[in-house]
Every structure is written in structure tokens, then in C-alpha cells.
Amino acid sequence: MTVAVAVENAVKTFGTQQALAGISLDVEPGELVALLGPSGSGKTTLLRVVAGLEQLDSGRVILDGADASTVPVRYRGIGFVFQHYALFRHMNVADNIAYGLRSRPRATRPSEGDIAKRVESLLALVQLAGYGARYPAQLSGGQRQRVALARALAIEPKVLLLDEPFGALDALVRKELRAWLRHLHEQTGHTTLFVTHDQEEALELADRVVVMSKGRIEQVGTPDDVYDRPSTPDVFGFMGESSRIPVEVKDGVVRAEGQIIATAMERVADGPAVLFARPHDITVALAGTPGAEGIVKAYRRHGAIRRLELVVGGAHVEADVAPTAKVPEAGKVSVRFDRGRLFPASGPGVDCRPPASHQVGEYAI
């Protein structure tokens, strides 16, 4: 059974630090939601509040339509998976998975036969059939995390909570487990919240992403929403790599140190603003082609592309080009901001496009 989760006006303070500053959030039954943000943003505190591991100073936690704020942890129907597995080293895999079932009061405890069947079923589900007799020390990090997830699922939770589930694993194993977890979620359909500081992980896994900063929710939306249409500078700066360019806006024209670099696609107030652009949304060409003037300061390999470090309008800008791009490794170039997001000093952010003067001619790239 999947249930809805709601947090209403959640406030939590540790000493003088406010970890949650009046947060409200609704999670639909069967939804996979990522809590994303830098360290200290409040995401793990929010997860622990839902689990009942932390009590709110004020506000409520609603599970399946009922106020669960004062319900003890063991009665909330929560499965919790920690970053560092928290497996019992002296127990084999099967006993670790069965622990929650065997800890139930006698009246609700399944028989040993039923527990054994449940364990075997879960081992198959997490692709560890035949591993029941092994001990945690005999498993890889990825296998231990699968055991931890099977243990959380063993109690048939209403809600599954994952706190940085892949944070202790190397990059290749994390990538494999992300795909596996998404497939597992589609099989089981649990209402799931998971904490991560990895933007790629959140975008790949989640139905919706909750971006947090300083104890507040900055934006909630689909992966496309938060990446393509960030609502605040903090969200844009956190969601993927980006360049931040101080600019002046007049009559919708965006200038950096007098250079015209973009045009606002919606009406925006005149005055100071900040333009954000991602490396893959910037075109770099030989000097003399349409665009703003830039100076290449560094040129290095960055995976399948080359990453240029530029100065444009007095600001540091990073742009991606193909390894075969006909651009110099130092000196002057032309730069076009094909896409960007403008955040005025007041008001919402708006999309930007290249000015008409930058759209003429072919780019040598």
C-alpha cells in the first residue's frame, strides 16, 4: 500500500541554527521525490522528521491523511535506508533482512517459515539471490546497500526514505545503482523520498525534485522544470554548471560592461541583474563573427568536449566546444549566449536569447 506524505509549516531548530524554516511539502502516493541541496540546506533533517527520528518545534507530518507528528517511529510504517548501510556485522545477510520482522511484537510477528519466504523474495528482488548466508564484510559496497534496501522493504513500509543512499559508493557503482533503484521503484511503487546533493542523481531518478537552501524550499518541480526553468539564482547556480554574469538591463537589452550580450524574452525592469548561462548554451567562434567579444584564458579537455575559460564583459565564463572546433586556445573570440536565464534585482527570472545582431552569419564550430 502506498500513501501520501505531507509536511505542514515544519519548523526545527538546533540550538541557534534553524534547520527547517516553515517548510510545507506534499508527496503523492507512489511518487519518487528527491530532496536536493547543499550541505546544511535542511534536507536530511526534513527526512528524519518524516521518519519520526526528529521531533518538530512546530508544524505537522501527515501520513495517509492522519497526523503522525507524535506517532513513535516504529508505528509510522517507515522504511529507512542510511548512507553507510547500518548493517549488523555479526549477522548474515538473511538475518539482517529479517531483523525488522523478528523485532515485531509476538502478536504481529510472522512465523519463521513466512519470514524465510519473505527474505528469499527480497533477495531475488534486489538481485542477491543465494547471498543469504554471507556476511556484510563479504559484500561490495553496492551489494551492502542493496541488502540495506531489502531490510527496509522487509517490513512492508508505507513510505521509503533514503538518506544519501549512494553517497559512500564510487561513481561507476552509483550510476549502476541509480538505474537499478529506478527500476525497483517502478516494480514496488512505494512512496519514496530520497536525499541527495548530487544533481545528476536527482534529475535521473526523481518524478519531482525539491531544491532546498538554508532550511527553505527554493523550488519544487519535475527534473525538466528545475533544470530548464530555475526560479531563483540559488537554484540555477546549484543545478548543474553555470556562469554568473553581472549585467545591466535597459529596454530589454542586456549589457555586460557596455557590450550587448542578450535580449530578455519577457518584459523586465531596467537596472542591475545577473545572467546565468550553462557551458553547453554558449557558442564560441573565431573573432570577427557575430557575438560579444571574449578572451580565452584557458582551454582544457572535459570528457568528450573541450572546456574554454573566457572573460566576457569582465565576467568569468565557461563554454563547451567540440574537440575539433576552430577556436584559438588563447586570445580573442566571439561569444554568443544561445540561451540564458536573467534574474533582475527584483521580480522573477526570465529567459534570454541572443540579440538580433548576434544571429547573422555562420559560426566556425
Taking the six-membered ring of Phe236 (Phe, Tyr or Trp), confirm whether the NZ or CZ of Arg229 is under 6.0 Å from its centre and within 45° of its axis.
->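 Judged by the rule (NZ or CZ under 6.0 Å from the ring centre, within 45° of its axis), Arg229 is not positioned above Phe236.
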
So which heavy atom on [X] is nearest to which on [Y], and how close?
{"X": "Asn92", "Y": "Tyr135", "answer": "N-CE2, 3.4 Å"}
{"X": "Val226", "Y": "Gly221", "answer": "CG1-N, 4.0 Å"}
{"X": "Arg146", "Y": "Trp180", "answer": "CG-CH2, 3.8 Å"}
{"X": "Gly79", "Y": "Pro157", "answer": "N-CB, 3.4 Å"}
{"X": "Ala256", "Y": "Val247", "answer": "CB-CG1, 4.2 Å"}
{"X": "Met212", "Y": "Ile23", "answer": "CE-CD1, 3.3 Å"}

Salt-bridge criterion met for [X] and [Y] (N-O under 4.0 Å):
{"X": "Arg182", "Y": "Asp207", "answer": "yes"}
{"X": "Asp228", "Y": "Arg339", "answer": "yes"}
{"X": "Asp351", "Y": "Arg341", "answer": "yes"}
{"X": "Lys214", "Y": "Asp234", "answer": "no"}
{"X": "Glu318", "Y": "Arg300", "answer": "yes"}
{"X": "Arg208", "Y": "Glu28", "answer": "no"}
{"X": "Arg255", "Y": "Glu248", "answer": "no"}
{"X": "Glu201", "Y": "Lys175", "answer": "no"}
{"X": "Lys117", "Y": "Glu112", "answer": "no"}

Can you tell if the side chain of [X] reaches within under 4.5 Å of the side chain of [Y], non-hydrogen atoms only?
{"X": "Val210", "Y": "Leu36", "result": "no"}
{"X": "Asp163", "Y": "Val81", "result": "no"}
{"X": "Val11", "Y": "Gln18", "result": "yes"}
{"X": "Val3", "Y": "Val159", "result": "yes"}
{"X": "Val147", "Y": "Arg144", "result": "no"}
{"X": "Val296", "Y": "Val327", "result": "no"}
{"X": "Thr191", "Y": "Lys158", "result": "no"}
{"X": "Cys352", "Y": "Met265", "result": "no"}

Plane angle bin for Phe276 and Phe343 - parallel if under 30°, tilted between 30 and 60°, otherwise perpendicular |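 Because their plane-to-plane angle is over 60°, the rings of Phe343 and Phe276 count as perpendicular.
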
Main-chain N/O of [Y] paired with [X] side-chain donor or acceptor, under 3.5 Å:
{"X": "Arg76", "Y": "Ser69", "result": "yes"}
{"X": "His190", "Y": "Leu161", "result": "no"}
{"X": "Arg353", "Y": "Thr263", "result": "no"}
{"X": "Gln143", "Y": "Ser140", "result": "yes"}
{"X": "Glu54", "Y": "Thr45", "result": "no"}
{"X": "Asp57", "Y": "Thr13", "result": "yes"}
{"X": "Asn96", "Y": "Met91", "result": "yes"}
{"X": "Gln199", "Y": "Phe238", "result": "yes"}
{"X": "Ser334", "Y": "Thr289", "result": "yes"}
{"X": "Lys43", "Y": "Pro38", "result": "yes"}

From [X] atom [atom1] to [Y] atom [atom2], the distance as rounded to the nearest 0.5 Å:
{"X": "Leu310", "Y": "Lys332", "atom1": "CG", "atom2": "NZ", "value": "14.0 Å"}
{"X": "Asn9", "Y": "Arg60", "atom1": "CG", "atom2": "CZ", "value": "9.0 Å"}
{"X": "Ile155", "Y": "Ile97", "atom1": "CD1", "atom2": "CD1", "value": "13.0 Å"}
{"X": "Phe337", "Y": "Asp281", "atom1": "CZ", "atom2": "CG", "value": "10.5 Å"}
{"X": "His185", "Y": "Leu32", "atom1": "NE2", "atom2": "CG", "value": "4.5 Å"}
{"X": "Thr192", "Y": "Leu181", "atom1": "OG1", "atom2": "CG", "value": "7.5 Å"}

Would you please say whether a donor-acceptor pair under 3.5 Å links the side chains of Ser24 and Glu8?
->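 Side chains of Ser24 and Glu8: no pair found under 3.5 Å.
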
Residues Lys297, Glu309; criterion salt bridge (Lys or Arg N to Asp or Glu O under 4.0 Å); working and verdict | CA-CA 5 Å; Lys297 293 295 185 180; Glu309 294 182 12; over 6 Å; no

